[in-house]
Participant: 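Got a structure here, written out as structure tokens. Questions coming.
The sequence lines fix the lettering, A, B, ..., with proteins before strands; numbering per chain opens at 1.
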Amino acid sequence: MQVSIHRTVKKNGTSGIAEPAWVRYLLLAVALSFLTLFLMLPLAAVFVQALDKGWEAYLEALKDPDTFSAIKLTLVAAACSVPVNLVFGVTAAWAIAKFAFPGKSLLITLIDLPFSVSPVVSGLIYVLIFGLQGWLGPWLQAHDVKIIFAVPGIILATIFVTFPFIARELIPLMESQGREEEEAALTLGASGLQTFFRVTLPNVRWGILYGVILCNARAMGEFGAVSVVSGHVRGSTNTIPLQVEILYNEYSYAAAFAVASLLAMLALVTLAVKSVAEWKIRQVSAAE
Amino acid sequence: MASHGGKNNVLPGFTPSLGCTVLYLSIIVLIPLSSLFFKTATLTWDEFVAAVTAPRVVASYRVTFGSSLAAALVNAFFGVLVAWVLVRYRFPGKRLVDALVDLPFALPTAVAGITLASIYSPNGWLGRYLEPHGIKVAFTPLGIVVAMVFIGLPFVVRTVQPVLEELDRELEEAASCLGASRWQTFYRIIFPSMLPAILTGFALAFARAAGEYGSVIFIAGNMPKVSEITPLLIITKLEQYDYAGATAIASLMLVVSFLLLLSINLLQKWSRRFAE
């Protein structure tokens, strides 16, 4: 009996918990083919089609005044929504991660809500409030304030869809760090704000970067929600993704892909920064 | 206030931070979302039923949820495979591939939409090889599934991957020593431990696909009753100033997303208990 067990272990050796080589290569080949087909091919297609008519046409498409104003509006929307959600994310994470209170898991679920709502519904709710037939529509019209089919509506919709990004990144991170360091700082005589800015924030800086970069990517790339509230006024309420849609529907494919390539580059930068932030977060938590 | 988090919690700022959080949450999320239900409540029950059960609307549910289901199943299978390969095997370029899995999160949906449409169109990179074999992808329901597979892929990979990383390899060694074949070990030991995570990822991918708009509309063809998704129908109704119709359908979609969110939360609780 002793001998036979010994023999089995020896026969299998280390491969007792590994697949035969041909299975490994097969799985690897299938997985990589799938990723090539579904991820790498579309990514390559954006840039190839953008340069379909050469560099000059590419730059020409980007110089178009409507495209230029779309880029400006996208930057404005991101510049408004990211800081607001950053402040909210840090505040919410402080309350949720550092204190215990009833209804906490409900609060976390509600914060996650915008992720599970269809982008089209996210836009629609603002039309129902601020639109002409909405709750505040008549009042807004009487005072000549335009929110829907104007820039404020785009900013509001962007804030809604990017709402959870920073909070949901910071909450688990701050929970895992506990309260000891803040308590030590307070005991040593630091004020609450000093503790927050000198202890808490530095500890989560990579988590903040991670949340901000994802929040920004979504803010600049949001399509469905912004499409509902924008009204598609050329040169004034079009963001980059909406401009891509217009160009594509007008069959100026090369120009559409040229503008889309800007967003694809943003996506690549986002992935790179995200990888670095992830690596740093793991380093920091390993050092503890 | 010091009682929060046990008698010993001396950290300041609980009341203001929680107050700001709830206030901001209400203004940005809860009040706007409630407008949907108030608007729907202005309809009579018969009007509501008529709006959400019109033949074109019902057809759009079939397209949306049928395609989402198909895409989530594809994602569950390939997502587990990709997670397995990323955790268990070594190969050149692994870190690059790992980072690239999140591309669908980072790439704006409109860009994904026009790109997939052009790749699978009859003279596109893949379309030109599929078309002669009678496989039409762009502008058919199959195209909708392709777009939904693209946007849902990271969900399954990213929920299964950490579970696989944490998996105790000694269990596998024990199974192998007791004479189990590698397939038996996978089927009886590894797969059951991954199952809660697979289901969570599946539900997340399904929920995302069901609400998706940007990446789908370019490749879908948007033929009423054949390849028209529900979010597009909401927009169409809005453009025809049929606010009541749009709102009724939207609140139904919102209820579905609530239910999905609830089941995802339950699944996650289950998988956490499983891990302990």
Side-chain angles (χ1 to χ4, degrees), chain A residues 9 12 16-17 19 24 27-28 30-31 34-35 38-39 41-43 45-46 49 88 91-92 94-95 98-101 109-110 113-114 116-121 124-126 128-129 133 159-160 163 179 182-183 186 192 217 221 223-224 228 241 244-245 248 256 260 263-264 267 270-271 275, chain B residues 4-5 9-14 17-18 20-21 24-25 28-29 32-33 35-36 39 78 81-82 85 89 91 97 99-100 102-103 106-112 114-116 118-119 125 149-150 153 169 172-173 176-177 182 207 211 213-214 231 234-235 243 246 250 253-254 257 260-261 265:
Chain A
V9 173
N12 287 343
I17 56 161
E19 298 75 50
R24 258 179 293 161
L27 294 180
L28 200 56
V30 174
F34 177 78
L35 291 178
F38 272 87
L39 297 183
L41 205 61
L43 188 61
V46 179
Q49 308 226 34
F88 162 76
T91 316
W94 177 262
K98 303 285 179 183
F99 300 90
F101 56 90
T109 306
L110 289 177
L113 206 52
S116 49
V117 175
S118 170
V120 170
V121 177
L124 174 69
I125 55 179
Y126 288 102
L128 292 179
I129 295 182
Q133 313 200 357
I159 291 178
F160 180 92
F163 181 82
R179 295 196 297 257
E182 281 85 358
E183 282 164 358
L186 288 169
F223 177 72
V228 174
V244 170
E245 183 198 21
Y248 185 83
L263 293 171
T270 302
L271 289 183
S275 298
Chain B
H4 293 287
N9 197 344
V10 292
L11 299 193
F14 174 68
S17 62
L18 185 66
C20 288
T21 302
Y24 185 64
L25 177 73
I28 294 294
V29 180
L33 276 181
S35 73
L36 201 57
K39 180 78 185 178
F78 283 100
L81 181 62
V82 169
V85 164
Y89 301 156
F91 55 93
V97 172
L100 207 63
D102 283 325
L103 180 72
L107 192 70
T109 54
V111 179
I114 62 168
T115 311
L116 291 172
S118 81
I119 290 180
W125 287 3
V149 168
F150 175 82
L153 177 70
R169 310 261 333 225
E172 292 168 47
E173 279 166 21
S176 152
C177 287
R182 187 61 189 151
Y213 174 71
I234 296 176
I235 290 202
Y243 282 78
M253 288 292 279
L254 190 61
S257 16
L260 283 170
L261 185 65
N265 277 355

Participant: How far does CZ of A:Phe88 sit from CG of B:Leu25, to the nearest 0.5 angstrom?
Facilitator: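 Nearest 0.5 Å value for the CZ-CG distance: 6.0 Å.
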
Participant: Of all heavy-atom pairs between A:Leu39 and B:Leu103, which one has the smallest distance, and what is that distance?
Facilitator: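 Answer, listing the atom of A:Leu39 first, then B:Leu103: O-CD2, 3.8 Å.
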
Participant: Considering only heavy atoms, which portion of B:Leu33 lies under 4.5 Å from any heavy atom of chain A: side chain, backbone, both, or neither?
Facilitator: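 The answer is both parts of B:Leu33.
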
Participant: So what's closer than 4.5 Å to chain A heavy atoms on B:Leu261: side chain, backbone, both or neither?
Facilitator: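 Just its side chain gets close to chain A.
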
Participant: Under 4.5 Å heavy-atom distance to chain B, tell me which part of A:Ser275 shows up: side chain, backbone, both or neither.
Facilitator: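 Contact with chain B: side chain only.
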
Participant: What heavy-atom pair brings B:Ile28 and A:Tyr126 nearest, and what distance separates the two atoms?
Facilitator: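 Closest heavy-atom pair between B:Ile28 and A:Tyr126: O-OH, 2.9 Å.
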
Participant: Find the one option among A:Leu110, A:Val228, A:Val244 whose heavy-atom pairs under 4.5 Å with chain B are most numerous.
Facilitator: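 Counting heavy-atom pairs under 4.5 Å, the top option is A:Leu110.
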
Participant: Which region of A:Phe160, side chain (C-beta onward) or backbone (N, CA, C, O), has a non-hydrogen atom less than 4.5 Å from a non-hydrogen atom of chain B, or is it both or neither?
Facilitator: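 Its backbone and side chain both get close to chain B.
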
Participant: If you count heavy-atom pairs under 4.5 Å between each of B:Leu36, B:Leu153, B:Val29 and chain A, which one has the most?
Facilitator: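 Winner by heavy-atom pair count: B:Val29.
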
Participant: Stepwise, does the side chain to side chain contact (heavy atoms under 4.5 Å, CB included) test hold for A:Trp94 with B:Thr21?
Facilitator: CA-CA 10 Å; A:Trp94 177 262; B:Thr21 302; over 6 Å; no

Participant: If I compare all heavy atoms of B:Ser257 with all of A:Val117, which pair ends up nearest, and what's the gap?
Facilitator: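 Answer, listing the atom of B:Ser257 first, then A:Val117: OG-CA, 4.4 Å.
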
Participant: State the CZ-CG distance between B:Phe150 and A:Leu41, to the nearest 0.5 angstrom.
Facilitator: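 So the gap between those two atoms works out to 11.0 Å.
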
Participant: To the nearest 0.5 Å, how far apart are OG1 in B:Thr109 and CD in A:Glu245?
Facilitator: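 Going from the OG1 atom of B:Thr109 to the CD atom of A:Glu245 covers 10.0 Å.
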
Participant: Pick whichever of A:Leu28, A:Leu186, A:Leu35, A:Thr270 has the most heavy-atom pairs under 4.5 Å with chain B.
Facilitator: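 Maximum pair count with chain B is reached by A:Leu28.
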
Participant: Please give me the minimum heavy-atom distance between B:Gly214 and A:Phe223, naming the atom from each residue.
Facilitator: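 Smallest interatomic distance, heavy atoms only, reads CA-CD2, 3.4 Å.
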
Participant: With a 6.0 Å cut-off on ring centres, are B:Phe78 and A:Phe38 close enough?
Facilitator: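 They do not qualify: ring centres at least 6.0 Å apart.
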
Participant: Chain B: which of A:Gly192, A:Ala45, A:Gly224, A:Pro119 shares the most heavy-atom pairs with it under 4.5 Å?
Facilitator: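 Looking at each of A:Gly192, A:Ala45, A:Gly224, A:Pro119 in turn, A:Ala45 comes out on top.
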
Participant: Return the minimal non-hydrogen interatomic distance between B:Leu116 and A:Pro42, and the atom names on each side.
Facilitator: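 Scanning both residues, the minimum pair turns out to be CD2-CG, 4.0 Å.
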
Participant: Select, from A:Ile159, A:Ile129, A:Ile125, the one with the greatest count of heavy-atom pairs under 4.5 Å involving chain B.
Facilitator: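 Option with the greatest count: A:Ile125.
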
Participant: Relative to chain A, which segment of B:Leu254 carries a heavy atom at a distance below 4.5 Å: side chain, backbone, both, or neither?
Facilitator: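 The answer is the side chain of B:Leu254.
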
Participant: Just verifying a value: how many Å separate B:Phe91 CZ and A:Arg24 CZ, rounded to the nearest 0.5 Å?
Facilitator: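 Interatomic distance, B:Phe91 CZ to A:Arg24 CZ, rounded to 0.5 Å: 13.5 Å.
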
Participant: Nearest 0.5 Å, what's the OG1-CG distance between A:Thr109 and B:Asn265?
Facilitator: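 Rounded to the nearest 0.5 Å, the OG1-CG separation comes out at 4.5 Å.
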
Participant: Give, for atom OG1 of A:Thr91 and atom OH of B:Tyr24, the distance between the pair rounded to the nearest 0.5 Å.
Facilitator: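 Rounded to the nearest 0.5 Å, the OG1-OH separation comes out at 9.5 Å.
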
Participant: Can you tell me which portion of B:Ala207 sits under 4.5 Å from chain A's heavy atoms? Options are side chain, backbone, both or neither.
Facilitator: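 Looking at B:Ala207, nothing touches chain A.
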
Participant: Where is the tightest heavy-atom contact between A:Ala217 and B:Ala106, given as atom of each residue plus distance?
Facilitator: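 Scanning both residues, the minimum pair turns out to be CB-O, 4.4 Å.
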
Participant: Examine whether an atom of B:Val97 lies under 4.5 Å from a heavy atom of chain A, and if so say whether it belongs to the side chain, the backbone or both; otherwise answer neither.
Facilitator: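 Interface part for B:Val97: side chain.
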
Participant: Counting heavy-atom pairs under 4.5 Å to chain A, which of B:Cys20, B:Ser35, B:Pro12 comes out on top?
Facilitator: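 Option with the greatest count: B:Ser35.
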
Participant: Aromatic rings B:Phe14 and A:Phe101: how do their planes relate, parallel, tilted or perpendicular, breaks at 30° and 60°?
Facilitator: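 The arrangement is tilted - the two ring planes meet at 30° to 60°.
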
